[in-house]
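Inspection log for the structure reproduced underneath, given as structure tokens.
Letters go in sequence order (proteins before strands), and every chain restarts at 1.
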Amino acid sequence: MSEIDNFRQRVFHIIAAIPLGQVTTYGAVARMAGSPRAARQVGGVLKKLPPGSTLPWHRVVNRHGEISLQGEDFKRQRQALLAEGIIFAQGKIDLLKYGWQG
DNA sequence: CGGTTGACAGCCT
DNA sequence: AAGGCTGCCAACC
């Protein structure tokens with residue numbers, strides 16, 4: 001295999017498949033990527049996303065349905081999610097309602 | 001090539 | 001139930 005042998009590439013493809021208006025968790029992406037214990041690395045990959053990427057990285061949140069970013073990045077992600085019709089309750093997203101498992 | 005880093009998740013208090 | 005501590009593992013330096 002040559003296209004999905006990189007963890008980073010697999011993460012890209014998985015996140016690109018998240019339906020608009022839905023979200024998933026770092027842990028879920030890690031599992032789908034074949035590394036169940038690499039949730040933290042998923043964040044590491046997104047942190048260095050190439051500028052101009054169209055990847056819907058904002059559709060990835062932590063297991064509590066909360067945004068793990070801070071400051072401006074936090075506001076940017078929240079705005080992107082609200083724009084897709086995702087509702088925040090108590091600062092959290094209802095994963096049972098918006099969660100995507102693949 | 002080995003040590004450090006950190007967009008997390010689980011387990012334990 | 002809520003917060004704190006520890007393990008994990010790919011990317012970086």
Subject >> Spatial distance of atom NE2 (His13(A)) from atom CG (Leu55(A)) [nearest 0.5 Å] >> reply: 9.5 Å
**OP:** With the side chain counted from C-beta on, respond yes when Val29(A) and Thr24(A) share a heavy-atom pair under 4.5 Å apart, and no when they do not.
**Re:** yes
**OP:** Send over the distance from Phe12(A) CZ to dA10(C) C1', rounded to a whole Å.
**Re:** 13 Å
Check residues 31-42 of chain A and write down every donor-acceptor pair under 3.5 Å in which the side-chain atom is one partner and the other belongs to a residue at least two apart or another chain.
none

Original post:
Rounding to a whole Å, what distance do you find between Lys47(A):NZ and dC9(C):P?
Top reply: 20 Å
**OP:** Nearest whole angstrom, please: distance from the P of dG10(B) to the CZ of Arg31(A).
**Re:** 8 Å
Original post:
Taking the side chain of Arg8(A) as its heavy atoms from C-beta onward, which of dC9(C), dC12(C), dC8(B) lies nearest to it?
Top reply: dC12(C)
Original post:
Within this structure, what is the CG-to-C1' distance between Leu49(A) and dC12(C), rounded to whole angstrom?
Top reply: 16 Å
Subject >> Rounded distance in Å - CZ (Phe7(A)) to C1' (dC12(C)) >> reply: 15 Å
Subject >> Residue whose closest nucleotide on DNA chain B lies nearer the 5' end, Gln41(A) versus Thr25(A) >> reply: Gln41(A)
**OP:** Rounded to the nearest angstrom, tell me the gap between atom NE2 in His64(A) and atom P in dC11(B).
**Re:** 12 Å
Original post:
To the nearest Å, how far apart are Gln70(A) CD and dG6(B) P?
Top reply: 12 Å
**OP:** Would you check if there is a donor-acceptor pair between the side chains of Gln79(A) and His58(A) at a distance under 3.5 Å?
**Re:** no
Subject >> Derivation of the side chain to side chain contact (heavy atoms under 4.5 Å, CB included) call for Val60(A) and Val23(A) >> reply: CA-CA 6 Å; Val60(A) 184; Val23(A) 299; over 6 Å; no
Original post:
If you check every side-chain atom of Ser35(A), which of dA9(B), dA10(C), dG6(B) has the closest atom?
Top reply: dA10(C)
Original post:
For the side chain of Asn62(A) and the backbone of Gly65(A), is there at least one donor-acceptor N/O pair under 3.5 Å apart?
Top reply: yes
Original post:
Just how far, in rounded Å, is P of dA1(C) from NZ of Lys92(A)?
Top reply: 12 Å
**OP:** Check whether any side-chain heavy atom of Arg59(A) sits under 4.5 Å from a side-chain heavy atom of Glu84(A), and report yes or no.
**Re:** yes
Find every protein N or O atom lying less than 3.5 Å from an N or O atom of nucleotides 4-7 of chain C, and list the pairs.
residue: dG7(C); atom: O6; partner: Arg40(A); partner atom: NH1; Å: 2.8

